[in-house]
Amino acid sequence: MTVRTRVAPSPTGDPHVGTAYVALFNYCFAKKHGGQFILRIEDTDQKRSTAASERMILDALRWVGIEWDEGPDVGGPHGPYRQSERSALYKKCTENLIEKGHAFHCFCTSERLIQMRAEQRQSGSPVTGYDGHCLSLDKAEVERRLAAGESHVVRMVVPREGECVFDDVLRGEIRIPWTQVDMQVLMKSDGLPTYHLANVVDDHHMGITHVMRGEEWINSAPKHQLLYQYFGWEMPVLCHLPLLRNPDKSKLSKRKNPTSLWWFREMGYLPEGLLNYLGHMAWTMPDERDVFTLEEMVEVFKLEKISLGGPVFDVPKLNSLNARWIRERLDESEFIERLVKWRLNRDYLARLVPMVQPRVQRFTDLIGLTDTLMSHLVPIDPEQLRGSREASEVMRDLYFAVQRITALDEWTKDGVEGIMRALCEHSGLKMRVFVKPFYIAMNGRPSGLPLFDTMEILGRDITRDRLNHAIQALGGLGKKKLKKLDKELQAIAASV
RNA sequence: GACCCGUUCGUCUAGGGGUCAGGACACCGGGUUUUCAUCCCGGCAGCACGGGUUCGAAUCCCGUACGGGUCACCA
């Protein structure tokens, strides 16, 4: 049996460093055993999935140096590799489960479900989850309501007693009482499967032998095991990886840490350095060497050597490792090539020329004009940032911008400008007054290259870093203030 | 709250019954270098706690504490 592993990102936003981390381990394991590594796109959430995000995830994984044998862009014998294109299969499988009595139609409204959960919580019931309401519907009624076109989902039948026992490579046997397992929706009312169904169906049909995924999935493993049983399929070996953490030990999040792979690229990390660092999370080379390549890791990879404590993502350590890559693993010509690839290339310069050419008198003016485009944070004078306005007001504007920018679908100049104009209007200020602090936040000085272009070029992550840095320079926002501002921002969103 | 998972220097980790508990980042001190960085040398600092098992526990078992995760028609 050849080993086959996969990474299955959901295309809902920026490519996440956690995706690269999980991909790395899956890749190493597959390659170590001469198997295949597959990339599958889990885009069953129609509301949140975007093609742009999918493209970014593919690009970003390639950027860090991970290649897949099968995937939506390279094809393969088990395609399609995008779940939105496999609906017929899920439908067939769902019908099969219903026939065998392992799944049932549920007509409950979301209002009823919300109320049910509220009551369960209030009564202090240790068991929460679907109450089995539609499980007792007789066949005739189900037929009638289906024929009437009533909105419905399909749920899986779950035992109400006993416990589920399954194995995790790293943790051994795990037992979870069935009462803790909800009668999970398998097919949503839009006819698309949920993760749980699609994941099991696809892993089986794609011949996945080992599933390495985040620890956050442990509690849904019983559902998956049950589905394999219902279908009569063999379950892949399960291995739950410890979650990457923020410095405060919580699950790695955008708020507290850089998480977008683009941030690392824009910041000028070498992909090898980043991947090497991710290889230090939960893993150590047998000889404890610090600098190693993907190939070297593959060569000696042992699943059982993964350590279980949730590793804190430590940027200073990443920096030091990246520095070693820069000075030890790159010769001078490679160094030049990387720099060229990063910023010192024609394509990048071409984006600057329209802004720069009208503003330089001599070429010696160039660096002074564009220095902020080559750096991370810029020094800020709080007095200047505040200007003649109230610090709290300025912080509010900056914070609103951070929030809106984070939520922006596609990072474009027009998108940024739209946000800024809307916020300006809400503030009641003239545009020139409104944008002034933003110039300081972005450039460190009140004048400079056009703001929206600067933001577009620097990218979402560094833009956000600078705005946040500016907020800090004014003293920062406490929890209470943040809460209040979030409310206000929601009100604006509602009124527009 | 219920359930599940975890716990070795501040951080990443090695170590799986007998080790002076090892390395790396960060930090501190010293040396090389016209500065700085690099490089070299040195230092600080850890087995969460309590019970067992054992001649002997960081290591095995049980509790406690703490941390995290999950409890959706999101993945």
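Just so we're on the same page: letters track the sequence lines, and every chain starts at 1. None of the values given here were measured: they were computed from a predicted structure.
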**Item:** Set of residues satisfying salt bridge (charged side-chain N to carboxylate O under 4.0 Å, His left out) with respect to A:D167, sequence neighbours excluded
**Value:**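 With sequence neighbours excluded, A:D167 shows a salt bridge (charged side-chain N to carboxylate O under 4.0 Å, His left out) to no residue whatsoever.
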
**Message:** So, using salt bridge (charged side-chain N to carboxylate O under 4.0 Å, His left out) as the criterion, who are the partners of A:R255 when residues are at least two apart?
**Reply:** none

Determine the interatomic distance between [atom1] on [N] and the same-named atom on [M]; round to the nearest Å.
{"N": "B:rC44", "M": "B:rC39", "atom1": "P", "value": "22 Å"}
{"N": "B:rA57", "M": "B:rU19", "atom1": "P", "value": "11 Å"}
{"N": "B:rA72", "M": "B:rG67", "atom1": "C1'", "value": "25 Å"}
{"N": "B:rA48", "M": "B:rG42", "atom1": "P", "value": "28 Å"}
{"N": "B:rA45", "M": "B:rG6", "atom1": "C1'", "value": "23 Å"}

**Prompt:** Are any of the side-chain nitrogens in A:D73 or A:R82 under 4.0 Å away from the carboxylate oxygens of its partner?
**Reply:** no

**Prompt:** Heavy atom of residues 144-160 of chain A under 4.0 Å from RNA chain B: which residues?
**Reply:** A:V153, A:R155

**Prompt:** Where along residues 306-313 of chain A does a heavy atom fall under 4.0 Å from RNA chain B?
**Reply:** A:S307, A:L308, A:G309, A:G310, A:P311, A:V312

**Asked** How would you label the contact of A:A282 with the nucleic acid (heavy atoms, under 4.0 Å): base, sugar-phosphate, or nothing?
**Response**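 Sugar-phosphate only.
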
With a cut-off of less than 4.0 Å, is there a side-chain N or O of [X] near OP1 or OP2 of [N]?
{"X": "A:K223", "N": "B:rA75", "answer": "no"}
{"X": "A:R117", "N": "B:rC73", "answer": "yes"}
{"X": "A:K188", "N": "B:rA75", "answer": "yes"}
{"X": "A:T44", "N": "B:rA75", "answer": "yes"}
{"X": "A:K249", "N": "B:rG69", "answer": "no"}

**Message:** So if I define the base as every atom that isn't primed, P, OP1 or OP2, how would nucleotides 57-64 of chain B read as a B/S/- string at a heavy-atom cutoff under 4.0 Å?
**Reply:** --------

**Prompt:** Can you find a donor-acceptor pair, distance only, under 3.5 Å between A:S320 side chain and B:rC25 base?
**Reply:** no

Please list, for nucleotides 39-46 of chain B, all pairs of protein and nucleotide N/O atoms separated by less than 3.5 Å.
{"from": "B:rC39", "atom 1": "OP1", "to": "A:R327", "atom 2": "NH1", "distance (Å)": "3.1"}

Which residues share a side-chain contact (heavy atoms from CB on, under 4.5 Å) with [X], sequence neighbours left out:
{"X": "A:Q46", "answer": "A:D190, A:L192"}
{"X": "A:T50", "answer": "A:A52, A:S53"}
{"X": "A:R144", "answer": "A:E141"}

Look for any protein N or O under 3.5 Å of an N or O in nucleotides 19-23 of chain B and output each such pair with its distance, or none.
{"from": "B:rG22", "atom 1": "N2", "to": "A:E288", "atom 2": "OE1", "distance (Å)": "2.4"}

**Request:** Using the six-membered ring of A:F107, assess whether NZ or CZ of A:R145 lies under 6.0 Å from its centre and within 45 degrees of the ring axis.
**Result:**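 Yes.
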
**Complete:** Re B:rU54: Watson-Crick or G-U wobble partner, both distances kept under 3.5 Å, found to be none

Throw together a table of side-chain donor-acceptor distances under 3.5 angstrom for residues 203-212 of chain A, partners on residues two or more places apart or in other chains.
{"from": "A:D203", "atom 1": "OD1", "to": "A:R6", "atom 2": "NH1", "distance (Å)": "3.0"}
{"from": "A:D203", "atom 1": "OD1", "to": "A:R40", "atom 2": "NH1", "distance (Å)": "2.9"}
{"from": "A:D203", "atom 1": "OD1", "to": "A:R40", "atom 2": "NH2", "distance (Å)": "3.1"}
{"from": "A:D203", "atom 1": "OD2", "to": "A:R6", "atom 2": "NH1", "distance (Å)": "2.5"}
{"from": "A:D203", "atom 1": "OD2", "to": "A:N199", "atom 2": "ND2", "distance (Å)": "3.4"}
{"from": "A:H204", "atom 1": "NE2", "to": "A:W233", "atom 2": "NE1", "distance (Å)": "3.4"}
{"from": "A:H205", "atom 1": "ND1", "to": "A:V201", "atom 2": "O", "distance (Å)": "2.8"}
{"from": "A:T209", "atom 1": "OG1", "to": "A:R4", "atom 2": "N", "distance (Å)": "2.9"}
{"from": "A:T209", "atom 1": "OG1", "to": "A:R4", "atom 2": "O", "distance (Å)": "3.2"}

**Request:** Let me know, please, whether A:N219 or A:S10 comes out on the 5' side of the other along RNA chain B by nearest nucleotide.
**Result:** A:N219

**Most 5' of A:R48 and A:P316 on RNA chain B, judged by nearest nucleotide** =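 With A:R48 and A:P316 compared, the 5'-side residue is A:P316.
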
**Message:** Tell me every residue that passes ring-ring contact (aromatic ring centres under 6.0 Å, His included) with A:F37, counting only those two or more places apart in sequence or in another chain.
**Reply:**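 Only A:Y27 meet the ring-ring contact (aromatic ring centres under 6.0 Å, His included) criterion with A:F37.
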
**For B:rG16, glycosidic torsion class - syn if within 90° of 0, otherwise anti** =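 It is syn.
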
